[in-house]
Participant: 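Sharing a structure below in structure tokens format, with a few things to ask.
Order of the sequence lines fixes the chain letters, A, B, ..., with proteins taken first and strands second; residue numbering starts at 1 for each chain.
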There are 2 protein chains.
Amino acid sequence: MSGSPIDGADMREVDGTNFLALQEYLYGQLDRAAKEPLNRQLYRALRGAILAGRLAADAVLPASRELAGALGLARNTVLHAYEQLCAEGYCSSRVGAGTYVARVLPDPAPKQARRAVGGQQRVCLSQRAEALLVQFRRSEENSGPAFAPGLPDLASFPWATWQKLLQARQRSMRPVEYDYRTEGGHAELKAALADYLRLSRGVNCSAEQILVTGGMQQSLDLLARALADHGDAAWIEEPGYAGARVALLAAGLAVHGVPLDAEGLDWRGQALPRPRLIYVTPSHQYPLGSVLSLARRQALLQEAGRHDAWVLEDDYDSEFRHRGRPLAAMQGLDRAGRVIYLGTFSKVMFPALRLGYLVAPAGLVEPLRRLQARLYRESDYLTQATLADFISEGHFGSHLRRMRGIYAARQDKLRDTLAEQLDDALPLYGGEAGMHVTARLPEGSDDVAISRLLAQEGILAPPLSGYCLGAPPFPGLVLGYAGVDDAGLRLAAVRLARTLKTAGVFATL
Amino acid sequence: MSGSPIDGADMREVDGTNFLALQEYLYGQLDRAAKEPLNRQLYRALRGAILAGRLAADAVLPASRELAGALGLARNTVLHAYEQLCAEGYCSSRVGAGTYVARVLPDPAPKQARRAVGGQQRVCLSQRAEALLVQFRRSEENSGPAFAPGLPDLASFPWATWQKLLQARQRSMRPVEYDYRTEGGHAELKAALADYLRLSRGVNCSAEQILVTGGMQQSLDLLARALADHGDAAWIEEPGYAGARVALLAAGLAVHGVPLDAEGLDWRGQALPRPRLIYVTPSHQYPLGSVLSLARRQALLQEAGRHDAWVLEDDYDSEFRHRGRPLAAMQGLDRAGRVIYLGTFSKVMFPALRLGYLVAPAGLVEPLRRLQARLYRESDYLTQATLADFISEGHFGSHLRRMRGIYAARQDKLRDTLAEQLDDALPLYGGEAGMHVTARLPEGSDDVAISRLLAQEGILAPPLSGYCLGAPPFPGLVLGYAGVDDAGLRLAAVRLARTLKTAGVFATL
């Protein structure tokens, strides 16, 4: 082929399916927050596609107007990129034939030297490590962004404000504050959090009841080890949050899944051992989205009392309620001091912050603080102080309000696109709050196989089975919609729908 | 007394013992790195002492020249502070009588309103938590700075350089880099570390063998759970690092102390169960300071092979070798892939950095990375990237060289002061490297009681017993000398010596 003359008849237009793939690829390469101009980014992405063979010799690039529309760019941006590619010899253009990939490229594709790694060693892990690795083999790696559950919209975070506050704190930090600390968190952050939780979540607490942690996983690990011994039983929701299941298993607990009904956790009539810990997500069940009813909350507190068990209330994303009235935290109903309220900043701020918190009954805070200081050390106070400023100066509240609007609109976009593509054949659950919905697949579908198929197409859609210890209540896919912008969300939803249809998931479509 | 007239005869001079106490108090209140002028800080500290009753009415303040000398301040600084106190009515001065505390103070001492905390709750911890809390009841809280072991000199850290690098990285970070990451650490940091460890410590590694962790405790917890099951045996040094003991106990391991001889860990002739993990500090045994001999290293690797055990080599402070030739890391001798090398930045940089690392045999890195991502999440990449720059631009090397000189001089200061005060009655061990020495108390002393007595005097000197599962090899005190400057170190050493003498620890003094 490399020797044949260029002519119009040889050229292969990027067809519908390939156009979608190209759009997705290009979309993934563009970073609107970067300083590099978008036309330059697009040029690099296209050049990369050409050098990697993704766009073959003679392939005709999409019309500039069409590509601009699909990627949400100005047409001039696309034209600039095309012109640059032509100027450098990667492409040519001819009236009537559009822009197409050159046969003889100006640079050979660079070969990456691969560093040799030392020979494979005998590796013998502990049984518990093997058991843990199996727990998240199915949905561990976040290959998203669409549809990574729990991933917030990082591009919409007010980075300039955050950096201004951070630099102000950097200037005023005293060296001694960079030492090990053992106060269970920065006092100003605890005070700001207590105010926020009382007002916004109905949590009954003072700053002294708050322990700042290195995130939800640290909170769960600390509580599992501080409150339960190896072999003790824990109840979790089925389906439920895999991170909690892993933390409890890693702490040596016997973890039992409790099924859900319309009102939430339903332990009645189940053969369950007496629990030491009960882990629940009452505001917005993860991942199905139901709200634990008031009656069921009271019954659960009674049940916990009967067993002398602790209730871990994970309120991971209730800041984003889109429909219906929010219920206050269950902790506010607790008169016996059995509920420990858990929150994280990974979803409402950003994951790299690595900060979470728990609210514990007064007498429990001190031993937890001492265990935390020794088992993990405390998180750095510079970040905590900056976060305290971010909350007390009102930026936290504004950010939450703004993101609530953005996420609600994104969920609508996902719903609309799937409805348009699939005629409502894919019901979505749990959209009243949060950053994800669960799509119910037709009865008899294999959600693990479908998720794997989607992963091959670059779509991250964890199977509902991955959230269960046993069989899932129905086959499903968990779809996070928060971390992808509108254009990317639409592209991913179209690709999802097409893949499901092509795979014959819907008998009727 | 409050009604009697002021006259010279009524005045009580601050005597020798009280003068030392006052100096220590004032010294602890001064922060040379703060922006507030030192005369203002001294004024506030003295006013605080007066308001709190530490300096009573009519007490005569030390002569300005004497106080300036003891605190390492200019005499004018002290004079300014005294003048301010007199101007505001806290003190008066009279020719021949010096400066003395006024009887009627201008402000009443403010009463701090104490926030009521909810009623004490029933708290029932797990047995393992109770067991862990007992482990560090004796030396948990860092009430230092003198003589907190492991506390680096934070005032000498090049903060301006660090902040410049941090801000440069902040400006260039893309939002997506604030997401959850699952690469086992920032690639540039791993590369910089691999270079450093190969060159400086003789560690045989590539960047792919490095896992960046949230500090030494996270490394130990991860390895204990990944490599050993509940009830498996671990060997640790006796005496040894309490942080390792706690991490292994918290992971459910049966921890066995192995005694030391002049060459280091000596398991021969001991009734020990077959270990799954062996934890050692070969470069500078913690806390006694011996170096594991080459012959013993080879024997230990053989012994580990016989049991099919992993060796955890904690190289926590070998960057600071003051005397003798440094031995390369034991990991470099390992041909069987049994040694996991552990390091931390808490001591060579600052504790709030919350970064450590491990170097594992190639096949082990991948499962460790996956477990880490799920059990703890990875540490933020902004800090890691900044640290990579700090290392690769040469600041890390310069900082180490500079601190090595400072710490060596400080150890000399501690030795000299104790020798001067105690006529060499308190032998010091383990000063060849690092940031602490261990003082050997006379046979029959109760180091726990002595440490408690010192704590009452504001001196943190953990008893050697606290580093042991059983009885210590001798009664001793572990004295960190790195985190206090020369003047503070001398004051603390004088106070330590006087307290030991007063308590009758030395029959002959």
Participant: State the CG-CG distance between B:L368 and A:L125, to the nearest 0.5 angstrom.
Facilitator: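 Going from CG on B:L368 over to CG on A:L125, the span is 7.0 Å.
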
Participant: Under a 4.5 Å heavy-atom cut-off, does chain B meet the side chain of A:L166, its backbone, both or neither?
Facilitator: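 Only the side chain of A:L166 comes within 4.5 Å of chain B.
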
Participant: Below 4.5 Å, heavy-atom pairs only: which of A:R174, A:Q170, A:R225, A:Q163 has the largest tally toward chain B?
Facilitator: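 Heavy-atom pair counts peak at A:R225.
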
Participant: Looking at A:R128 and B:D232, does any basic side-chain N land under 4.0 Å from a carboxylate oxygen?
Facilitator: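 Between B:D232 and A:R128 there is no salt bridge, as every charged N stays at least 4.0 Å from the carboxylate O atoms.
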
Participant: Mind checking the OG1-CG spacing from A:T383 to B:L382? Nearest 0.5 Å is all I need.
Facilitator: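 Nearest 0.5 Å value for the OG1-CG distance: 9.0 Å.
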
Participant: For a side-chain contact (heavy atoms from CB on, under 4.5 Å) check, start with the C-alpha distance between A:L154 and B:D179, then their side-chain angles and the critical distance, and finish with the verdict.
Facilitator: CA-CA 8 Å; A:L154 296 166; B:D179 189 7; 3.6 Å; yes

Participant: Using a 4.5 Å cut-off on heavy atoms from C-beta on, say whether the side chain of B:L133 contacts that of A:P367.
Facilitator: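 Side chain of A:P367 against side chain of B:L133, heavy atoms only: contact under 4.5 Å found.
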
Participant: Where on A:Y178 is there a heavy atom nearer than 4.5 Å to chain B: the side chain, the backbone, both, or neither?
Facilitator: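 For A:Y178, backbone and side chain are both near chain B.
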
Participant: Is it the backbone or the side chain of A:D229 that comes under 4.5 Å from a heavy atom of chain B, or both, or neither?
Facilitator: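 Contact with chain B involves both backbone and side-chain atoms of A:D229.
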
Participant: For atom CD of B:E183, is the number of surrounding heavy atoms from other residues, nucleotides or ligands below 6.0 Å larger than 12?
Facilitator: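 Atom CD in B:E183 is crowded, with more than 12 foreign heavy atoms closer than 6.0 Å.
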
Participant: If I take atom CG from residue B:L375 and atom CG from residue A:L249, how far apart are they, to the nearest 0.5 angstrom?
Facilitator: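 The distance works out to 10.0 Å.
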
Participant: I'd like to know which of B:L353, B:L227, B:D153 tops the heavy-atom pair count under 4.5 Å against chain A.
Facilitator: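 Among the listed options, the one with the most contacts to chain A is B:L227.
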
Participant: For B:L220, is it the side chain, the backbone, both or neither that has a heavy atom under 4.5 Å from a heavy atom of chain A?
Facilitator: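 B:L220 has no heavy atom closer than 4.5 Å to chain A.
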
Participant: Can you tell me which portion of A:A251 sits under 4.5 Å from chain B's heavy atoms? Options are side chain, backbone, both or neither.
Facilitator: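 For A:A251, backbone and side chain are both near chain B.
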
Participant: Would one find more than 12 heavy atoms of other residues, nucleotides or ligands at under 6.0 Å from atom CD of B:Q127?
Facilitator: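 Result for CD/B:Q127: open.
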
Participant: Can you tell which of B:A155, B:A160, B:A250, B:G214 has the highest number of heavy-atom pairs within less than 4.5 Å of chain A?
Facilitator: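 Going by pairs under 4.5 Å, I would pick B:A250.
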
Participant: Quick check for you: to the nearest 0.5 Å, what is the distance between B:S126 atom OG and A:L253 atom CG?
Facilitator: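 If we round to the nearest 0.5 Å, B:S126:OG and A:L253:CG are 9.0 Å apart.
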
Participant: Is the shortest heavy-atom distance from the side chain of B:P175 to the side chain of A:F350 under 4.5 Å?
Facilitator: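 B:P175 does not reach A:F350 side chain to side chain.
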
Participant: Heavy atoms only, distances under 4.5 angstrom: which of A:E378, A:R354, A:M216 has the most pairs with chain B? Name it, please.
Facilitator: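 If we count pairs closer than 4.5 Å to chain B, A:R354 comes out on top.
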
Participant: Based on non-hydrogen pairs under 4.5 Å, which of A:S346, A:S156, A:S172 is most in contact with chain B?
Facilitator: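 Of A:S346, A:S156, A:S172, A:S346 has the most heavy-atom pairs under 4.5 Å with chain B.
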
Participant: Please identify, among B:G243, B:A360, B:S379, the residue contributing the most non-hydrogen atom pairs under 4.5 Å to chain A.
Facilitator: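 Ranked by contacts with chain A, first place is B:G243.
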
